Amino acid sequence: MVHALHEAWRVLKPNGLLIDLRPATVHRRVGILRAGEVQWLGVMRERFDDDRAANRAVAEVVRQGLFKRQGWKHFEFHRTLDSVAEFGAWLDEFRSLGKLPPHDWLLRRLEGALDTQRGRAKILISAPLDLRVLQKRPRL
Amino acid sequence: MTLRMDPEQNEVRALKAVAEWRGQRVLEIGCGDGRLTRRLARLGAEVRAIDTDAELIRTARREFPRRLAARVRFHVGRAGRLEYPKESFDRAVFSWVL
């Protein structure tokens with residue numbers, strides 16, 4: 001990761017900006033959305049090892065004097081899905097990255113909740129994002 | 001899959017709040033299927049978007065809106081070995097890849 005940040009430093013113009021956009025290190029909440037109301041059903045248990053490594057890499061290039069921190073934003077980011085099958089496929093993709101233990105309990109809760117909604121509800125995933133802004137500094 | 005992402009447009013609001021994008025040369029690293037690339041292009045950026053996954057790059061090229069296409073080029077590429085000259089971009093966006 002530090003090498004990738006060095007490469008970004010190389011291709012940026014003087015005072016150029018590096019934008020680091022990625023999910024915040026908070027567990028995603030999952031629920032169902034119906035008529036603008038959300039019923040939260042569970043909190044996922046992702047692993048954050050990669051995210052913490054990325055934070056360390058950013059801290060390293062700041063320490064090296066290549067970038068200075070210029071700003072940060074934390075904001076809500078929602079996804080909606082129509083069915084438990086789609087949510088299961090999304091989970092499988094997530095699990096393939098090695099960041100997620102089994103969440104069968106959550107699938108069962110969603111199935112139970114959606115059974116009572118007669119297809120009018122959507123599945124809502126709440127996953128806040130962090131956006132960090134770093135400004136390129138000249139190499140000392 | 002009927003996945004809908006960020007219906008409130010919070011992401012683009014945050015991007016607009018932190019930097020000017022119009023006319024800026026932007027390198028997007030980890031563009032995937034071009035979801036964020038579309039948003040950057042709509043903000044007026046000139047984008048070079050890379051991803052390691054050739055299939056995703058094909059999808060991004062195929063599905064990118066024609067009216068924005070002149071502002072964007074997609075390439076297969078790696079963050080650790082960028083095939084661009086030094087000091088060639090105003091912005092570098094790591095898109096969910098760090």
Side-chain angles (χ1 to χ4, degrees), chain A residues 1-23 33 50-51 53-58 61 67 70-83 85-90 93 122-125 127-136 138, chain B residues 1-21 23-33 35-37 39-40 43 45-48 50-53 56 75 77-98:
Chain A
M1 287 180 202
V2 170
H3 184 62
L5 292 166
H6 285 175
E7 274 289 89
W9 183 92
R10 183 182 66 78
V11 301
L12 276 170
K13 295 176 185 176
N15 298 314
L17 298 181
L18 186 153
I19 310 291
D20 171 22
L21 175 65
R22 55 193 155 95
L33 173 67
D50 290 350
D51 305 279
N55 291 344
R56 287 194 296 273
V58 170
V61 294
F67 292 96
Q70 198 186 62
W72 176 74
K73 285 209 170 279
H74 177 88
F75 55 94
E76 189 55 78
F77 189 88
H78 290 143
R79 295 173 177 82
T80 60
L81 292 159
D82 283 343
S83 69
E86 290 177 349
F87 180 74
W90 179 78
E93 195 175 322
K122 288 183 181 296
I123 295 169
L124 179 73
I125 306 164
L129 299 187
D130 283 338
L131 189 159
R132 296 171 180 82
V133 185
L134 304 168
Q135 186 174 41
K136 176 177 176 174
Chain B
M1 184 184 289
T2 51
L3 171 66
R4 187 160 178 229
M5 297 176 83
D6 193 26
E8 301 92 350
Q9 303 268 309
N10 288 337
E11 186 180 51
V12 75
R13 201 171 295 131
L15 287 166
K16 283 167 79 171
V18 299
E20 175 61 43
W21 297 93
Q24 301 294 299
R25 276 184 56 83
V26 175
L27 174 62
E28 184 192 0
I29 298 163
C31 65
D33 64 3
R35 184 192 63 82
L36 184 63
T37 321
R39 292 185 163 185
L40 293 170
L43 290 173
E46 304 289 327
V47 187
R48 298 294 175 269
I50 66 168
D51 200 284
T52 55
D53 188 324
L56 284 174
H75 299 287
R78 293 184 173 281
R81 189 177 174 185
L82 298 173
E83 295 180 357
Y84 299 99
K86 70 177 184 178
E87 300 186 357
S88 50
F89 291 98
D90 301 292
R91 315 270 183 261
V93 178
F94 280 82
S95 181
W96 300 38
V97 289
L98 259 188

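Just so we're on the same page: letters track the sequence lines, and every chain starts at 1. All figures in this text were calculated on a predicted structure; none of them were measured in a lab.
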**Student:** Taking every non-hydrogen pair under 4.5 Å, which of A:K136, A:K73, A:R10, A:M1 racks up the most with chain B?
**Tutor:**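 If we count pairs closer than 4.5 Å to chain B, A:R10 comes out on top.
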**Student:** My understanding is that only residues two or more places apart in sequence, or in another chain, count here; which of them pass side-chain hydrogen bond (donor to acceptor under 3.5 Å, both in side chains) with B:R78?
**Tutor:**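 None.
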**Student:** Once you round to the nearest 0.5 Å, how far does NZ of B:K86 lie from CD of A:E7?
**Tutor:**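 Here the rounded value is 13.0 Å.
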**Student:** Measuring heavy-atom distances to chain A, does B:E8 have an atom under 4.5 Å in its side chain, in its backbone, in both, or in neither?
**Tutor:**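 Looking at B:E8, just its side chain touches chain A.
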**Student:** Would you mind telling me which of A:I125, A:V11, A:L134 has the largest number of heavy-atom pairs within less than 4.5 Å of chain B?
**Tutor:**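 Winner by heavy-atom pair count: A:V11.
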**Student:** Given heavy-atom pairs under 4.5 angstrom as the criterion, report whether the side chain, backbone, both or neither of A:A57 touches chain B.
**Tutor:**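 For A:A57, neither part sits under 4.5 Å from chain B.
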**Student:** Please classify the contact of A:V133 with chain B as side chain, backbone, both or neither, using a heavy-atom distance under 4.5 Å.
**Tutor:**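 Only the side chain of A:V133 comes within 4.5 Å of chain B.
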**Student:** Side chain of B:N10, backbone of A:E76: donor and acceptor closer than 3.5 Å?
**Tutor:**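 Indeed, once roles are kept as given, a pair shorter than 3.5 Å links the two residues.
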**Student:** So, using side-chain hydrogen bond (donor to acceptor under 3.5 Å, both in side chains) as the criterion, who are the partners of A:R22 when residues are at least two apart?
**Tutor:**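 Testing A:R22 for side-chain hydrogen bond (donor to acceptor under 3.5 Å, both in side chains), a comparison that skips the adjacent residues, returns A:D20, A:N55.
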**Student:** Hey, does A:L17 have a side-chain heavy atom less than 4.5 Å from the side chain of B:Q24?
**Tutor:**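 Sidechains of A:L17 and B:Q24: no contact.
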**Student:** Give, as side chain, backbone, both or neither, the part of A:V58 having an atom under 4.5 angstrom from any heavy atom of chain B.
**Tutor:**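 Just the side chain, heavy atoms under 4.5 Å.
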**Student:** Could you measure the distance from the CG atom of B:D6 to the OG1 atom of A:T80? Nearest 0.5 Å is fine.
**Tutor:**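 Answer rounded to 0.5 Å: 10.5 Å.
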**Student:** Heavy atoms, side chains only, cut-off 4.5 Å: are B:W96 and A:L21 in contact?
**Tutor:**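 Yes, at least one pair of side-chain atoms sits under 4.5 Å.
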**Student:** Using a cut-off of under 4.5 Å for heavy-atom pairs, which of A:L12, A:D82, A:V2, A:L129 has the most such pairs with chain B?
**Tutor:**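 If we count pairs closer than 4.5 Å to chain B, A:L12 comes out on top.
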**Student:** Chain B heavy atoms under 4.5 Å from A:L131: which part of the residue, side chain, backbone, both or neither?
**Tutor:**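 Just its side chain gets close to chain B.
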**Student:** Which of the residues A:Q70, A:R132, A:H3 is involved in the greatest number of heavy-atom pairs with chain B at under 4.5 angstrom?
**Tutor:**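 If we count pairs closer than 4.5 Å to chain B, A:H3 comes out on top.
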**Student:** Once rounded to the nearest 0.5 Å, what's the spacing between atom CZ of B:R4 and atom CZ of A:R79?
**Tutor:**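 With rounding to 0.5 Å, CZ (B:R4) is 14.0 Å from CZ (A:R79).
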**Student:** Side chain, backbone, both or neither: which part of B:L36 has an atom under 4.5 Å from a heavy atom of chain A?
**Tutor:**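 Looking at B:L36, just its side chain touches chain A.
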**Student:** Just verifying a value: how many Å separate B:L40 CG and A:I19 CD1, rounded to the nearest 0.5 Å?
**Tutor:**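 The CD1 atom of A:I19 is 9.5 Å from CG of B:L40, to the nearest 0.5 Å.
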**Student:** Tell me the closest heavy-atom pair linking B:F94 and A:A4, and the distance in Å.
**Tutor:**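 Where B:F94 meets A:A4 most closely, the heavy atoms are CZ-O, 3.8 Å.
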**Student:** A:L18 versus chain B, heavy atoms under 4.5 Å apart: side chain, backbone, both or neither?
**Tutor:**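 Answer is both: backbone and side chain atoms of A:L18 are under 4.5 Å from chain B.
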**Student:** Using 0.5 Å steps for rounding, measure from the CG atom of B:L82 to the NE2 atom of A:H6.
**Tutor:**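 Interatomic distance, B:L82 CG to A:H6 NE2, rounded to 0.5 Å: 13.0 Å.
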**Student:** Heavy-atom pairs under 4.5 Å with chain B - which of A:S83, A:P23, A:A53 has more of them than the others?
**Tutor:**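 So the answer, after comparing A:S83, A:P23, A:A53, is A:P23.
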**Student:** In Å, rounded to the nearest 0.5 Å, how long is the span from CE of B:M5 to CZ of A:F77?
**Tutor:**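 Result: 4.0 Å between the selected atoms.
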**Student:** Taking B:R25 for its side chain and A:K13 for its backbone only, find out whether a donor-acceptor pair lies under 3.5 Å.
**Tutor:**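 No, the answer is negative, given that no donor and acceptor are paired below the 3.5 Å cut-off.
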**Student:** Would you indicate whether the side-chain heavy atoms of A:P14 and B:E87 approach each other to under 4.5 Å?
**Tutor:**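 A side-chain contact under 4.5 Å exists here.
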**Student:** Using a 4.5 Å cut-off on heavy atoms from C-beta on, say whether the side chain of B:L98 contacts that of A:L5.
**Tutor:**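 In contact.
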**Student:** Could you tell me which portion of A:K122 (side chain, backbone, both or neither) has an atom closer than 4.5 angstrom to a non-hydrogen atom of chain B?
**Tutor:**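 Neither part.
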**Student:** Which bit of B:S95 comes within less than 4.5 Å of chain A, counting heavy atoms only: side chain, backbone, both or neither?
**Tutor:**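 Contact with chain A is through the backbone of B:S95 alone.
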